[in-house]
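For reference, the structure discussed in these notes is given below.
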Amino acid sequence: MMDATKYAPGYYPVPAGYDSWVKKDHIEKAPAWCSVDLRDGNQALIVPMSLEEKLEFFQMLVKIGFKEIEVGFPAASETEYEFLRTLIEKNMIPEDVTVQVLTQCRDHIIRRTFEAVKGAPRAVIHFYNSTSVAQREQVFHKSKEEIKQIAVDGAKLVKQLSEEYEGNFLFEYSPESFTGTEVDYAVEVCNAVLDIMQPTPDRPMIINLPVTVEMSMPHVYANQIEYCDKHLKYRDSVIISTHPHNDRGTGVACAELAVLAGAQRVECCLFGNGERTGNVDMVTLAMNMWTQGVDPELDFSNINKIKDMYERCTKMPVGDRQPYAGKLVFTAFSGSHQDAINKGSQYMKESNSGFWEIPYLPIDPADVGREYEPIIRINSQSGKGGAAYIMEHSFGYDLPKSMHPEFGAIVQVETDKVGKEISPERINELFQQEYVEAKEPYKLLKHAFQESVDADGHSHVTFWGTLQHTDTIFAVAGEGNGPIDAFFNAIKDEKMAHFTFLDYKSHAITDGSDSQGVAYILLQDQKDSRKYWGVGLSHNINLAPLRAILSAINRDMEVDGNTMTLLQTTAALNTGNSGGALVNDQGQVIGITNMKLISN
């Protein structure tokens, strides 16, 4: 058994009364965004990005719309230093983008940082020191006053060097390990720094309150943010920033609630990359706002291109279930989900609604450049609606609703047999084999119609045709009020009088003057009351329903007085000898061919 007694809460709740944020139900305006992929994300990689990869990543972040990008810890390595100098010396930083650099509150590191950033059109100098109880006691062995003095000394040097070096500098301070720090003490340290830096409304300073390690439920962090919002000095000249990590799996919730509680800025990474369990995922945060009708001011309209770049540069995979970006996030396997998505899609078409309202899909996949085809995928858990959805959206067949259960059952047999997901192409093959290719024993060889209209406008159609039943060829003729009625009457005299006509639907499946049409016909066999759907295809609008009628009849075969549905194959059969094993595309035996249709 696991023993939890060695753990206890390590955070410091604020006094009661700092929870007015709970009255808000959603974020109404996008915060300022700062990508920390090139620093926090990069330092967490097994193999850090090369200079070329960092440049590519930077350019993608600019395209997404980031106006603040933390480009590294230039005093940490030559690669970090060279990357920043390349951006500056090659004029690769757009006018509306501010780069950010990180430095500890240590004299030589701060000086090296200013050497790296000199000449930047606009840069944030982000300095920090750790303030938590654990760090004070275990790492630094310093008192509160001594830790605060580190922050103050760092602020003084940053301010001094900003006046000595060329550049347009803004400033950010972080009490690292904020979530393990007494909140009143964190405010005390931040205010001491603010007193040195003297921010103004036109030159504000960023105070970043990071979830360096997630230690509490998100609402506790939100209360801490609201406390700081109420107690920081120079509040009209301070931008409160949040930088959540994801140790408890609630980084997104921490960021969202922090914004409700007063945070104006979020530091984040693509797909949640970062130390340990990662930083908060910018895609999830931004797209969550999108689903509430709030423009996040970041562009993820081609999420696959962004994901490809990320995976190539970081050597880190994006999970199949990653919100908004994973391969399977717009996919439904469950039958009830598939049916609801199908009905929702139809509703959207018919209602012309201006709002996205499809069940189980919080956003339109097209908003992030995804396709509709992969939304519904078929396995043994899928239902009747899924196969119909695939046939419509992948191949253009709008099956009648009452046909869904029958075809769904056919697909279900296949998925049970193979024990895995089947592709849309295989579903279409099953449809073609079961319905369109049901051309035995009855086949229409040729036909003709003659139509006349009487004085009252009533149509009268005569049908002549030649049918083949296995090896026998014979002529038929019939009359009716339309082509389908005339054909149906013609074949009734050929041992098919026991079928009655129940339902009919047709539509085009291709566009243009040479479009192909499909017809769906439902017949009922009066001998046993069983119903059979048939499907016919043709470029001739009159021929498709005739083929559909014969398809339905061919699917209802009587053998030795028993009515049964048969699987047609091309296996050769000789008298007194079976055709051998019938195998599927997996090499599995699914039957023995043992029947041959011959003429009477």
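Just so it is clear, the structure is predicted and the values come from calculations on it, not from any experiment.
- Side-chain rings of Phe169 and Phe114 approach one another, their centers coming within less than 6.0 Å.
- Cation-pi geometry between Lys230 and Tyr18 is not satisfied (NZ or CZ under 6.0 Å from the ring centre, within 45° of the ring normal).
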Inset, instruction - Start with the C-alpha distance between Leu157 and Arg111, add both sets of side-chain angles, then the distance that settles side chain to side chain contact (heavy atoms under 4.5 Å, CB included), and finish with yes or no. - result: CA-CA 8 Å; Leu157 183 58; Arg111 292 182 185 277; 3.7 Å; yes

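- Within the 4.5 Å cutoff, the side chain of Arg321 has heavy atoms near those of the Leu328 side chain.
- Across Ile206 and Ser241, no two heavy atoms sit closer than the pair CG2-CB, 3.6 Å.
- By the 4.0 Å N-to-carboxylate-O rule, Glu267 lies too far from Arg39 to be salt-bridged with it.
- Not one N or O on the side chain of Glu357 forms a donor-acceptor pair closer than 3.5 Å with the backbone of Met348.
- A donor and an acceptor atom, one from each side chain of Tyr227 and Asp184, are nowhere located under 3.5 Å apart.
- Residues Val152 and Ile196 meet the side-chain proximity criterion, which asks for heavy atoms closer than 4.5 Å.
- A donor-acceptor pair is defined here as one N or O able to donate and one able to accept, closer than 3.5 Å; no such pair exists between the side chain of Asp295 and the backbone of Ala30.
- Between Glu68 and Ala32, the shortest heavy-atom contact is OE2-CB, 4.3 Å.
- Of all non-hydrogen atoms in Pro244 and Ala255, the two that sit nearest each other are CG-CB, 3.8 Å.
- In this structure, Glu70 contributes its side chain and Gln100 its backbone to no donor-acceptor pair below 3.5 Å.
- Within the 3.5 Å criterion, the main-chain N or O of Leu270 finds a donor-acceptor partner in the side chain of Asp37.
- Salt bridge status for Asp229 with Arg235: present, with a side-chain N to carboxylate O gap under 4.0 Å.
- Once rounded to the nearest 0.5 Å, the distance linking CG of Asp367 with CH2 of Trp290 reads 5.5 Å.
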Legend entry - From CA spacing to verdict: side chain to side chain contact (heavy atoms under 4.5 Å, CB included), Tyr128, Glu172: CA-CA 8 Å; Tyr128 74 95; Glu172 174 177 351; over 6 Å; no

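- Ring-centre distance between Phe271 and Tyr310: below the 6.0 Å cut-off.
- Looking at heavy atoms from C-beta onward, Gln149 lies out of side-chain contact with Lys142 at the 4.5 angstrom threshold.
- With rounding to the nearest 0.5 Å, the separation of CD in Glu421 from OG1 in Thr415 is 10.5 Å.
- Put simply, the side chain of Glu226 gets close to the backbone of Trp21: a donor and an acceptor are under 3.5 Å apart.
- Salt bridge Glu78/Arg112: present, at least one basic N to carboxylate O contact under 4.0 Å.
- Expressed to the nearest 0.5 Å, how far CG of Leu55 lies from CE of Met60 amounts to 13.5 Å.
- At a cut-off of 3.5 Å, with distance as the only test, no side-chain donor of Thr277 or Asn246 sits close to an acceptor on the other residue.
- Under the 3.5 Å distance criterion, with hydrogens and angles disregarded, no donor-acceptor pair is assigned to the side chains of Thr250 and Tyr221.
- Inspection of the Asp40 and His243 side chains reveals an N or O donor paired with an N or O acceptor under 3.5 Å.
- The pair Glu80-Lys54 counts as a salt bridge, with a side-chain nitrogen and a carboxylate oxygen less than 4.0 angstrom apart.
- Without hydrogens or angle criteria, Asp247 side chain to Glu214 main chain gives a donor-acceptor distance under 3.5 Å.
- You'll find the side chain of Leu257 stays beyond 4.5 Å of the side chain of Val22, heavy atoms only.
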Inset, instruction - Apply side chain to side chain contact (heavy atoms under 4.5 Å, CB included) to Tyr185 and Lys148, showing your working. - result: CA-CA 9 Å; Tyr185 174 63; Lys148 182 171 70 172; 4.1 Å; yes

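- Neither side chain, Asn191 nor Tyr234, offers a donor N or O lying under 3.5 Å from an acceptor on the other.
- In this structure a side-chain-to-backbone donor-acceptor pair under 3.5 Å is present from Arg370 to Lys327.
- Judged by distance alone, with hydrogens and angles left aside, the side-chain atoms of Asp299 form no donor-acceptor pair with the main-chain N or O of Gly65 at under 3.5 Å.
- Inter-residue side-chain proximity for Glu146 and Phe140 is flagged as unmet; no heavy-atom pair is nearer than 4.5 Å.
- Under the 3.5 Å distance criterion, the side-chain polar atoms of Glu350 are left unmatched by any main-chain donor or acceptor of Tyr347.
- With respect to the salt-bridge test (charged N to carboxylate O, under 4.0 angstrom), the residues Lys349 and Glu392 qualify.
- Taking all atoms of both residues into account, the shortest heavy-atom contact from Ile147 to Asn129 is O-ND2, 3.2 Å.
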Legend entry - Phe73/Leu102 under side chain to side chain contact (heavy atoms under 4.5 Å, CB included): CA gap, chis, key distance, verdict: CA-CA 5 Å; Phe73 197 144; Leu102 185 69; 3.9 Å; yes

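- Across all their heavy atoms, Ala261 and Ala222 have their closest contact at CB-O, 3.3 Å.
- Residues Glu188 and Lys144 are not paired through a salt bridge, judged by the lack of any N-O separation under 4.0 Å between the basic side chain and the carboxylate.
- Salt bridge present: Lys315 and Glu53 bring a charged side-chain N and a carboxylate O closer than 4.0 Å.
- Side-chain contact check for Phe58 versus Phe83: some heavy-atom pair is nearer than 4.5 Å.
- The aromatic rings of Phe66 and Trp33 stand perpendicular to each other, their planes meeting at an angle above 60°, with 30° marking the opposite boundary.
- Salt bridge Glu297/Lys67: absent, no basic N to carboxylate O contact under 4.0 Å.
- If you run side chain to side chain contact (heavy atoms under 4.5 Å, CB included) between Ser35 and each of Leu61, Leu298, Val266, only Leu61 comes through.
- Here OG1 of Thr86 is found 5.0 Å from CG of Leu51. Values are rounded to the nearest 0.5 Å.
- When side chains are defined from C-beta on, Val283 does not count as touching Pro323, because their heavy atoms never get closer than 4.5 Å.
- Glu275 places no side-chain N or O within donor-acceptor distance of the main-chain N or O of Ala44, the cut-off being under 3.5 Å.
- Ser237 contributes atom OG, which lies 9.0 Å from atom CG of Leu194 (distance to the nearest 0.5 angstrom).
- The side-chain heavy atoms of Leu260 and Ile27, taken from C-beta on, include a pair separated by under 4.5 Å.
- Separating the CG atom in Asn42 from the CE atom in Met49 is a distance of 4.0 Å, to the nearest 0.5 Å.
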